[in-house]
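Notes follow once the structure below has been shown.
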Number of protein chains: 2
Amino acid sequence: MDATPRWLTSEQQVAWNSFIRMQEKLIGRLSRRVQADSGMSAADYIVLVKLTETSGGRMRLMDLAKLVEWEKSRVSHQVRRMTERGLVAKEECPDDGRGAFIAATHAGYKAIEDAAPVHVEHVRRLFIDALSQEELNMLARISDRVVAHLERQPD
Amino acid sequence: MDATPRWLTSEQQVAWNSFIRMQEKLIGRLSRRVQADSGMSAADYIVLVKLTETSGGRMRLMDLAKLVEWEKSRVSHQVRRMTERGLVAKEECPDDGRGAFIAATHAGYKAIEDAAPVHVEHVRRLFIDALSQEELNMLARISDRVVAHLERQPD
DNA sequence: CATCGATAGTTGATACGTCAACCAGTTCTC
DNA sequence: GAGAACTGGTTGACGTATCAACTATCGATG
């Protein structure tokens, strides 16, 4: 209803553009790299990390969804694809007829053990090495503020 | 070949995790929002912005690709989809038989004019409002450093 | 002018994310 | 104990990103 929208100041625009550009380049490069030399996507990686960090290497699908903050259908699709590639397996859930446990397979453990050092090395080389520890701290603080702000807002 | 990979320090991990989490939440929320209330994706948006900023509202596909820093096949697919929805049109290129001009249509202009204020408002509400101007400046500086670092590295 | 390499752009396969609709069990409530 | 509402999870359609292979044209060089 506002005929004259409030545009951003040029300083605000600069900040937004720089951030977006950085984030696209960084994430794009990292995910292509990890994909290329371990055959795993960022999604595969995080799912296996979360599963293998859990005692027993298995978890309910919805618990996994909450942990990684994805919606259930995204998790369901991801798990199906990973099941087809043998990285995880679905197991029956005795106490809840609807439920499914997702478990990392041997191949899954192997894959994450191989991929983790590679992943870390890329993160270090592409991101950590670009910044001082003070800058990293500032970025963490800023990121946390944005997240807190988002969580305070509806939707 | 390094049997004992150098993991990140806990401070470095915190920074990386915070950043990734922020970036995912922010981008996800913004793109869902913009999609929901203007029917346009971030990709549609940026393509139309770049096209309509150009005098004549038309541009060679490869020039567009360089401008938005996408690979050509991504641009090609995106343009095809936008053509199907009537937002842009392809025009012949007289001086280069291979070439294609991409032009914003009337519907494209209309769409971007409608979407821009909405987009800006979301950026402001989700991101700008979360931070002080000093924080925005710091983030811009940090982002630029990371980009410069990435551009210094091969691939 | 023949050809060879670079450039412009398309296409198809595959993977990923979102949305909405759906099914099946579970829990609440009267 | 019979619904009704809720929760856990799947599915299909669609839009999107990447990669590799391909076509067609351009431009340089012989």
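Below, chains carry the letters A, B, ... as their sequence lines are ordered, and counting in each starts from 1.
For the pair B:Lys72 NZ and C:dT10 P, the computed distance is 10 Å after rounding to whole Å. A:Asp96 places its CG atom 8 Å from the C1' atom of D:dT7, with the value rounded to the nearest Å. Between B:Glu71 atom CD and D:dA17 atom C1' there is a gap of 8 Å when expressed in whole angstrom units. Straight-line distance from the CD atom of B:Glu91 to the C1' atom of C:dA8: 17 Å, rounded to whole Å. Remark: P of D:dG9 and CZ of A:Arg60 are 4 Å apart, rounded to the nearest angstrom. For the pair A:Met62 CE and D:dT10 P, the interatomic distance rounds to 11 Å; values are reported in whole Å. Rounded to whole angstrom, the span from the NE2 atom of A:His77 across to the P atom of C:dC22 amounts to 16 Å. The nearest whole Å value for the distance from the NZ atom in A:Lys66 to the C1' atom in D:dG9 is 12 Å.
Atoms CD and CG, from A:Gln78 and A:Leu87 in turn, are 9.5 Å apart once rounded to the nearest 0.5 Å.
For the pair B:Ser73 and D:dT18, the criterion of a side-chain N or O lying under 4.0 Å from OP1 or OP2 is not met. The side chain of A:Arg32 places an N or O atom within less than 4.0 Å of a non-bridging phosphate oxygen (OP1 or OP2) of D:dT18. A close approach under 4.0 Å does occur between a side-chain nitrogen or oxygen of A:Gln78 and OP1 or OP2 of C:dG17. Within the structure, every side-chain polar atom (N or O) of A:Ser41 is placed at least 4.0 Å from both OP1 and OP2 of C:dA15. Under 4.0 angstrom from either OP1 or OP2 of D:dT10 there lies at least one side-chain N or O belonging to A:Lys90.
Although no hydrogens or angles enter the test, the distance criterion places no donor-acceptor pair under 3.5 Å between the side chain of B:Ser76 and the main chain of B:Lys72. A donor-acceptor contact shorter than 3.5 Å is absent between the side chain of A:Ser38 and the backbone of A:Gln35.
Nearest-nucleotide mapping onto DNA chain C: of A:Arg85 and A:Asp95, the residue sitting toward the 5' end is A:Arg85. For B:Arg81 and A:Leu61, each mapped to the nucleotide of DNA chain D holding its nearest heavy atom, the one lying further toward the 5' end belongs to A:Leu61.
Looking at A:Arg74, its side chain has no donor and acceptor atom pair within 3.5 Å of the base of C:dT18. Interface remark: the B:Arg98 side chain does form a donor-acceptor pair with the C:dT7 base, using a distance-only criterion of under 3.5 Å.
A salt bridge links B:Glu121 with B:Arg124: at least one charged nitrogen is closer than 4.0 Å to a carboxylate oxygen.
Ring planes of B:Phe19 and A:Phe19: perpendicular class, angle over 60° (limits at 30 and 60°).
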